[in-house]
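When a residue number appears, it is its place in the shown sequence, counting from 1. These figures come from a predicted structure and were not determined experimentally.
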Amino acid sequence: MLEKEKKYILKLYITGETVTSNKALLRLGNILEDELCGLYDLEVIDVLKNPQLAEDDKILATPTLIKVLPPPIRKIIGELSDKEKVLLGLDFTTR
């Protein structure tokens with residue numbers, strides 16, 4: 001079970017409303033609800049609409065998921081369908 005005192009702040013960078021973007025958002029939403037039970041804030045950023053935000057976070061490809069808080073910052077670039085890979089890549093603490 002996740003440590004209840006932690007709140008995760010996440011950013012998901014996508015490119016428009018494409019099949020890939022929608023799939024990443026849907027799969028990620030399922031993973032986050034299963035594992036974090038609402039203890040997260042997810043900001044979805046379309047790089048076509050907000051290129052400056054993408055540049056500021058040095059986003060080179062989409063989808064890219066960034067865990068901002070708790071530290072350390074972690075990034076996953078590309079496919080978000082493998083639940084274990086996502087959890088490991090973002091260093092989620094479970095017990």
Side-chain angles (χ1 to χ4, degrees):
M1 193 65 165
L2 184 70
E3 293 180 34
K4 295 296 182 192
E5 65 275 4
K6 288 188 179 179
K7 177 107 179 193
Y8 288 82
I9 307 298
L10 307 165
K11 294 180 184 180
L12 176 63
Y13 283 90
I14 60 170
T15 304
E17 292 195 29
T18 64
V19 172
T20 302
S21 296
N22 291 334
K23 181 179 174 185
L25 187 55
L26 179 64
R27 182 64 180 136
L28 180 61
N30 290 336
I31 292 170
L32 294 176
E33 280 305 310
D34 287 349
E35 297 298 320
L36 301 182
C37 306
L39 293 174
Y40 67 92
D41 288 324
L42 176 64
E43 180 181 7
V44 178
I45 301 164
D46 185 337
V47 299
L48 298 176
K49 294 178 182 176
N50 297 294
Q52 187 60 50
L53 291 177
E55 186 177 321
D56 292 347
D57 276 338
K58 298 176 178 52
I59 302 302
L60 301 175
T62 60
T64 294
L65 178 64
I66 301 175
K67 179 184 75 155
V68 179
L69 290 174
I73 293 174
R74 299 286 182 136
K75 291 183 182 182
I76 292 183
I77 300 167
E79 185 66 37
L80 300 172
S81 64
D82 184 335
K83 181 177 181 176
E84 295 304 316
K85 184 177 177 181
V86 169
L87 295 176
L88 180 65
L90 295 178
D91 194 30
F92 286 145
T93 303
T94 57
R95 52 177 164 158

Got a sec, which residues hit side chain to side chain contact (heavy atoms under 4.5 Å, CB included) with L88, two or more places apart in sequence or on another chain?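 L88 satisfies side chain to side chain contact (heavy atoms under 4.5 Å, CB included) with no residue once adjacent residues are dropped.
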How would you list, by chain and number, every residue that makes a side chain to side chain contact (heavy atoms under 4.5 Å, CB included) with K49, sequence neighbours excluded?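 D46.
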Distance (rounded to the nearest 0.5 Å) between [X] [atom1] and [Y] [atom2]:
X: N50; Y: D57; atom1: CG; atom2: CG; value: 11.5 Å
X: I31; Y: D34; atom1: CD1; atom2: CG; value: 8.0 Å
X: Y40; Y: L28; atom1: OH; atom2: CG; value: 7.5 Å
X: T64; Y: I14; atom1: OG1; atom2: CD1; value: 11.5 Å
X: K11; Y: K75; atom1: NZ; atom2: NZ; value: 9.5 Å
X: S21; Y: L26; atom1: OG; atom2: CG; value: 12.5 Å

With a cut-off of 6.0 Å (strictly less than), are more than 12 heavy atoms of other residues, nucleotides or ligands near NZ of K85?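 No, not enclosed.
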Under 6.0 Å from the CD atom of Q52, do we count more than 12 heavy atoms belonging to anything else shown?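 Result for CD/Q52: enclosed.
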So, for [X] and [Y], which heavy atoms are closest and what is the spacing to 0.1 Å?
X: D91; Y: P72; result: OD2-CD, 4.2 Å
X: I77; Y: A61; result: CG2-CB, 3.8 Å
X: P70; Y: K7; result: CD-O, 3.9 Å

Basic-acidic side-chain contact under 4.0 Å: R27, E79: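 No salt bridge links R27 with E79.
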Apart from L69 itself, what residues make up its hydrophobic cluster, given side-chain heavy atom links below 4.5 Å?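 Once heavy-atom contacts under 4.5 Å are chained together, L69 belongs with I9, Y13, I45, V47, L53, I59, I66, V68, I73.
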Under a 4.5 Å cut-off applied to non-hydrogen side-chain atoms, are E43 and L10 in contact?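 Side chain of E43 against side chain of L10, heavy atoms only: no contact under 4.5 Å found.
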